[in-house]
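Some notes on the structure that comes next.
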Amino acid sequence: MTTALTIDIDVARGRIASGEKLTDVAAGLGLPWQRLSKALRGKARGGPAPSAAHPNPETEIADGANEPPRPIREVPRQALTERLRPRRLADVAGQETAVALLRAFAASPYPAAFVLAGDTGTGKTSAAVALAGELGCDVAAGEYGGVHVVASGEQTADNVREALDRLTYSSWSGSGWKVLIVNEADRMCRPAETIWLDRLESIPAKSVIIFTTNEPERLAPRFMDRCTVLQFESRADVVKLEAMRFIASIWKRETGRDLPECEAAALFDSCVNDGQFSFRRAVVRLQRTLLRSNGKAGN
Ligand SMILES: Nc1ncnc2c1ncn2[C@@H]1O[C@H](COP(=O)(O)OP(=O)(O)OP(=O)(O)O)[C@@H](O)[C@H]1O
Ligand SMILES: [Mg+2]
């Protein structure tokens with residue numbers, strides 16, 4: 001019996017052409033890379049030509065079958081926010097200052113702590129994960145690849161101690177660098193903060209600790225002074241140009257078509273709240289718009 005998976009083959013090809021690895025594209029689609037590779041080769045050997053009715057023919061990949069790909073409708077495999085989570089620092093949009101500093105750090109790292117501060121949906125957690133990747137951690141392997149996380153709401157003294165021990169004693173694969181990401185650091189309890197004050201003065205070898213926060217003012221100055229603080233930008237007037245590019249590039253990548261500037265501007269405006277723009281909100285709204293247009297196409 002064969003299992004059928006559906007993807008937009010031209011979109012997959014476009015993503016690979018724009019520099020993404022075949023294995024990453026395949027993982028994002030929930031496919032073994034061998035199957036994606038085979039599908040791409042099949043298309044190159046003479047899959048269906050684009051038509052007016054199907055400007056972006058989508059392709060069925062049948063396990064072990066040799067039949068040529070057939071155009072069918074897309075089945076989303078992953079929320080767009082996850083599929084488009086920046087994998088490299090260069091993919092974090094609209095944060096030039098923070099990204100430049102993190103890239104310089106990745107080129108010549110040392111044990112350090114960072115606070116990534118800024119509004120929700122500006123790329124703080126994504127930048128932390130991307131930095132881990134650039135330090136040579138195997139992000140997909142999680143702790144085994146050197147990436148440790150203390151989730152928001154779990155920042156008790158015991159959890160912080162345990163995370164620091166794991167950082168110090170765990171075995172790892174990859175470059176040997178380890179990254180501990182502590183999300184929503186402003187929610188930590190007082191005893192946890194006390195532990196950090198002590199331990200941030202002697203960060204383990206080849207380790208980087210990254211705190212993210214929406215409310216840096218809630219963190220004690222003594223804590224902040226032990227970290228390099230990077231502000232993530234959300235002011236709509238500052239990020240507008242970059243955000244419009246971001247919106248247009250996702251649309252192009254997902255549909256193969258250009259998004260008229262007035263529509264990009266309308267989408268941008270709808271993602272501004274109180275003068276602050278959220279990149280996450282933009283991706284979520286783009287996904288909703290894509291679903292709607294797919295729905296109309298199917299009527
Ligand atoms: N600067 C950005 N560049 C590209 N994509 C972004 C950016 N910021 C957010 N996104 C999109 O939004 C999703 C969520 O981003 P992320 O988790 O990094 O935000 P955050 O700043 O950590 O938000 P929060 O404060 O709510 O934790 C990402 O997977 C990505 O799709
Ligand atoms: Mg976050």
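In listed order, ligands and their atoms are each counted from 1.
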Counting only heavy atoms not in D274, do more than 12 sit closer than 6.0 Å to its CG atom?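 Not buried by this count: 12 neighbours or fewer within 6.0 Å.
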The Mg ion (ligand 2) to nearest N/O/S of T120 below 2.8 Å: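 Of the N, O and S atoms in T120, none lies under 2.8 Å from the Mg ion (ligand 2), which means no.
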Would a line drawn from the ring center of F268 to the ring center of F277 be shorter than 6.0 Å?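 F268 vs F277: aromatic centres under 6.0 Å.
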In ligand 1, which numbered atoms sit nearer than 4.0 Å to a non-hydrogen atom of V92?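 Within the 4.0 Å cut-off of V92, ligand 1 contributes 1 (N), 3 (N).
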With a cut-off of 4.0 Å, which atoms of ligand 1 are near a heavy atom of N214?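 Near N214, the atoms of ligand 1 are 25 (O).
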Identify the closest protein heavy atom to [atom]: which residue and atom is it, and at what distance?
atom: atom 6 (C) of ligand 1; value: F279 CB, 3.7 Å
atom: atom 31 (O) of ligand 1; value: T81 O, 3.0 Å
atom: atom 2 (C) of ligand 1; value: A93 N, 3.6 Å

Where on P86 is there a heavy atom closer than 4.0 Å to ligand 1, on the side chain, on the backbone, on both, or on neither?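 Only the side chain of P86 comes within reach of ligand 1.
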Heavy-atom contacts under 4.0 Å between F246 and ligand 1: side chain, backbone, both, or neither?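 Answer for F246: side chain.
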Short N/O distance, under 3.5 Å, between [X] and ligand 1?
X: E82; value: no
X: G123; value: yes
X: S126; value: yes

With distance as the sole criterion, is a donor-acceptor pair present between the side chains of T125 and N183 under 3.5 Å?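 A pair is found: one side chain offers a donor N or O, the other an acceptor, under 3.5 Å apart.
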Is the shortest side-chain N to carboxylate O distance from E184 to R218 below 4.0 Å?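 No salt bridge links E184 with R218.
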T122 heavy atom under 4.0 Å from ligand 1: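 A heavy atom of T122 does come that close to ligand 1.
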